[in-house]
Protein chains: 2
Amino acid sequence: MNTTVSPTASGASTARRRLLDTATRLFYTEGIRAVGVDRIIAEAGVAKATFYNHFPSKDDLVLAYVNEQDRIGRDAVSALPEQRPPEMIAAVMGRISEAVVAGGWRGCPFLNAAAEYPDPKSPVRQAIDARRAWYHGVLRDLLQADGDPTPSVTASLLVALSDGLLEAAYLDDPAAVPALVGEALKRLLVRP
Amino acid sequence: MNTTVSPTASGASTARRRLLDTATRLFYTEGIRAVGVDRIIAEAGVAKATFYNHFPSKDDLVLAYVNEQDRIGRDAVSALPEQRPPEMIAAVMGRISEAVVAGGWRGCPFLNAAAEYPDPKSPVRQAIDARRAWYHGVLRDLLQADGDPTPSVTASLLVALSDGLLEAAYLDDPAAVPALVGEALKRLLVRP
DNA sequence: TCCTATTCAGACAGGTCTGTCTATTTGCAG
DNA sequence: CTGCAAATAGACAGACCTGTCTGAATAGGA
């Protein structure tokens, strides 16, 4: 083990970080299969050998991309101020509006990745499965605490609404989405 | 113009039909970029020159694929028996359940294609836009006839629910979707 | 200063991609 | 039978793909 921690060892190496940042931008805006390794290393300013030193294959980079997006989302939910279940549900769903009004929205990165990874046993799909299970679980627990008689069913509906509104923000009108989030919550949550 | 109609001219040529059928199956189950022209012509049993005789480029085949899926969906809705608006809405949304329980569901072909076509000006994306506008319009008109005070908003929510449930059938549990469709309708439709 | 790990640029292999082209064969209409 | 339109197999070009490898340059810690 290390007795001293080098300055760079406290965080990820800058080469790896630049690769992941560049890949995230390109994968998200243009699609995963559409972006080659040569393009990523060129725009990241990293040599090819360095790339394959950090990521054994392109699929490992894709997996790192998906996992990081997942982690960012979970951290954002963890960082939400504590509040009572109804407000907490609204805050969790409100992240949709925030993501969408920022501009440059190109759809849910998980749904986009799933469209390009048909094999449900692939690591990318497993990561997406875990992400979806986490999101459903967060909503289900909040709904249960709120006294919803069928929290799992309502959670499934909220997950579907989330996915659908994220796609609507990509393919239809992003500006209309925040109001739709509020309207959906009003109608889907059964008041006990 | 033709004075006599040859037997094959009454329908599309069999080569073109086989190409489109094969492409539909492969594009849907494996993804568009993931399937090459060589593979399509091999499985369709068609020569390469014949392929490029029917479709100037691969993208034209993709467009034909998306357009045909669109036409099939519209025809299915047109073929629904006439009934009063609430039942008609349930019937339109019920197509989700039918599509999903059949097995082999790999997500909404339009959302999957949109994930691989980032340029909103591309013909494929334009076709997807038209499809979405049609679907929203169908629901909006039915809701208006049903006396919904905000038919466009409700229609947007139903479109989002449709998209989300189609993705849930792909990524989560298809068997759970039919019940969710019914539950969503119960909660989203505002009774005047 | 030396050592070790990292990074660099870029060639290279082997495969796949789309699209073009040649040259032959098939099949139907007149 | 003749002629034309369409389909055939397959080579080919040029680009791009992932992944490997070579050999040199760089930088920070002991």
- With sequence neighbours left out, write down each residue that passes salt bridge (Lys or Arg N to Asp or Glu O under 4.0 Å) with A:Asp59, or none if nothing qualifies. none
- Query: Looking at residues at least two apart in the chain, or sitting in another chain, which of them share a side-chain hydrogen bond (donor to acceptor under 3.5 Å, both in side chains) with A:Asp129?
  - Reply: none
- Query: Can you name the residues that form a salt bridge (Lys or Arg N to Asp or Glu O under 4.0 Å) with B:Arg33, not counting sequence neighbours?
  - Reply: none
- Message: Distance check needed: D:dC17 C1' versus A:Leu26 CG, whole Å only.
- Response: 16 Å
- Task: Would you please name every residue forming a salt bridge (Lys or Arg N to Asp or Glu O under 4.0 Å) with A:Arg106, sequence neighbours left out?
- Result: none
- Query: Could you write nucleotides 14-21 of chain C as a row of B, S and -, 5' to 3', where a protein heavy atom under 4.0 Å of any base atom gives B, of only sugar-phosphate atoms gives S, and otherwise -?
  - Reply: ----BBBB
- Mind calculating the distance between CD1 (A:Ile41) and C1' (C:dT6) to the nearest angstrom? 16 Å
- Item | By side-chain hydrogen bond (donor to acceptor under 3.5 Å, both in side chains) - contacts of B:Gln83 (at least two apart) | none
- Message: Any side-chain N or O of B:Thr50 below 4.0 angstrom from OP1/OP2 of D:dA6?
- Response: no
- Taking OP1 and OP2 of D:dA6, is either one under 4.0 Å from a side-chain nitrogen or oxygen of B:His54? no
- Under the salt bridge (Lys or Arg N to Asp or Glu O under 4.0 Å) rule, what pairs show up with a residue in residues 156-175 of chain B, not counting sequence neighbours? A:Arg132-B:Asp172, B:Arg132-B:Asp163
- Item | Test side-chain hydrogen bond (donor to acceptor under 3.5 Å, both in side chains) applied to B:Arg95 - qualifying residues, sequence neighbours left out | none
- Nearest-angstrom distance from the residue atom CZ of A:Phe55 to P of D:dT18: 14 Å
- Rounded distance in Å - CG (A:Leu19) to P (D:dT18): 13 Å
- Message: Taking the basic N atoms (NZ, or NE/NH1/NH2) and the acidic carboxylate oxygens, is any pair closer than 4.0 Å for A:Asp21 and A:Arg25?
- Response: no
- Whole angstrom value for the distance that separates C1' of D:dC21 from CG of A:Asn53: 13 Å
- Message: Roughly what angle, to 10°, lies between the helix axis at the start of the helix from C:dT1-D:dA30 to C:dG30-D:dC1 and the one at its end, five pairs per end?
- Response: 10°
